[in-house]
Amino acid sequence: MKKCFLIDKNTLMLKSVFTGVYKSKIIKTYGVYYSPLSVQQLLANACIPYASTLEGRIQAIKRMMNYFVKTPLLIDPNGIAAFPTISYKNLECVWIFNHHFEVESLGKGKSKVTFSNGETYIVHVSKNVLLKQKQRLHATIDTYRTIHRD
């Protein structure tokens, strides 16, 4: 297993794992990595270089966008953003980052997510939830860019 602690522009998805010392699986454009840090710890650490905390980023977006549940996250507002599939405090939450992907419904609250690099993953939420969350993420990114345009 490859170890990784970094969330960057190549991150496609984060999910919790419960095997041995590893607590999270980091899916990137160039491979899959595992970390002993939880998903929330990875996200929190990713926010620090951009002068904020995970909670601070989420609270700001809640106020800016009125998204009070499943709030998208702008880690680096100019390039790294993600949305949760369910409440981010739930261990089953999967975070999907701002990369192009297609969604196929598998029924009964399951969907297949296919990224542009061909990687596919099953997530336990409906296609409608994923598409709504994707739209909210892009609306948040667009709103931020509009506010901070030079």
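Heads up: numbering here begins at 1 and tracks the sequence. Note that the structure is predicted; figures quoted are calculated from it, not measured.
- In this structure a side-chain-to-backbone donor-acceptor pair under 3.5 Å is present from N117 to T29.
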task = Give the intermediate values and the outcome of side chain to side chain contact (heavy atoms under 4.5 Å, CB included) for residues K25 and V32.
result = CA-CA 7 Å; K25 182 176 186 177; V32 175; 3.5 Å; yes
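- Here the closest non-hydrogen pair linking A46 and Y50 is O-CD1, 3.4 Å.
- When all heavy atoms of K23 and L37 are compared, the pair lying nearest together is CB-O, 3.6 Å.
- Expressed to the nearest 0.5 Å, how far CG of L73 lies from CD1 of I58 amounts to 5.5 Å.
- When all heavy atoms of I96 and L130 are compared, the pair lying nearest together is CD1-CD2, 3.7 Å.
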request  = Could you walk me through whether R136 and M65 pass the side chain to side chain contact (heavy atoms under 4.5 Å, CB included) test, one step at a time?
outcome  = CA-CA 9 Å; R136 291 171 74 181; M65 301 298 295; over 6 Å; no
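- Scanning both residues, F83 and Q133, for their nearest heavy atoms gives CD1-CB, 3.2 Å.
- In this structure, the separation between CD1 on I26 and CG on N10 is 12.0 Å, given to the nearest 0.5 Å.
- Residue K62 qualifies as enclosed at atom NZ: its count of foreign heavy atoms under 6.0 Å is above 12.
- The closest side-chain heavy-atom distance from R149 to I147 is not below 4.5 Å.
- By the criterion of side-chain heavy atoms lying less than 4.5 angstrom apart, applied directly or through intervening Ile, Leu, Val, Met, Phe, Trp or Tyr residues, M64 is grouped together with L137 in one hydrophobic cluster.
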message = Run the side chain to side chain contact (heavy atoms under 4.5 Å, CB included) test on V94 and Y121 for me, step by step, so that the C-alpha distance in whole Å, both residues' side-chain angles and the decisive distance to 0.1 Å come before the verdict.
response = CA-CA 11 Å; V94 173; Y121 297 94; over 6 Å; no
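- At a threshold of 4.5 Å between side-chain heavy atoms, the hydrophobic network of Ile, Leu, Val, Met, Phe, Trp and Tyr places L131 and V113 in one connected group.
- Under the 3.5 Å distance criterion, the side-chain polar atoms of T11 are left unmatched by any main-chain donor or acceptor of I7.
- Here the OH atom belonging to Y67 is positioned 4.5 Å from the OG1 atom belonging to T140, to the nearest 0.5 angstrom.
- Rounding to the nearest 0.5 Å gives a distance of 10.5 Å between CD1 of I61 and OG1 of T143.
- Sparse packing is recorded around NZ of K15, with 12 or fewer heavy atoms of other residues, nucleotides or ligands lying under 6.0 Å away.
- Looking only at distances, no side-chain donor or acceptor of E102 sits under 3.5 Å from a matching main-chain atom of F115.
- Looking at E104, its side chain never comes within 3.5 Å of a backbone N or O of S111 through a donor-acceptor pair.
- No side-chain heavy atom of T71 sits under 4.5 Å from any side-chain heavy atom of R57.
- At distances below 3.5 Å, not a single donor-acceptor pair connects side-chain atoms of S24 with backbone N or O atoms of S16.
- When all heavy atoms of L43 and L14 are compared, the closest pair comes out as CD2-CD1, 3.7 Å.
- No side-chain heavy atom of V129 sits under 4.5 Å from any side-chain heavy atom of K132.
- A continuous path of hydrophobic side-chain contacts links Y34 to V21 [ILVMFWY only; heavy atoms under 4.5 Å].
- Atom CD of residue Q40 and atom OH of residue Y88 lie 6.0 Å apart, to the nearest 0.5 angstrom.
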inquiry  = Could you go through T53 and C47, starting from their C-alpha distance and side-chain angles, then the distance that decides it, and tell me whether this counts as side chain to side chain contact (heavy atoms under 4.5 Å, CB included)?
reply    = CA-CA 5 Å; T53 63; C47 291; 5.7 Å; no
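- Both tests pass for K134 against the ring of F101: distance under 6.0 Å to the centre and angle within 45° of the axis.
- Rounding to the nearest 0.5 Å places NZ of K9 at 6.0 Å from CG of D76.
- Closest of all the heavy-atom pairs between S87 and C93 is O-CB, 3.4 Å.
- The backbone N or O of K28 lies less than 3.5 Å from no partner atom in the side chain of H99, so there is not a single donor-acceptor pair.
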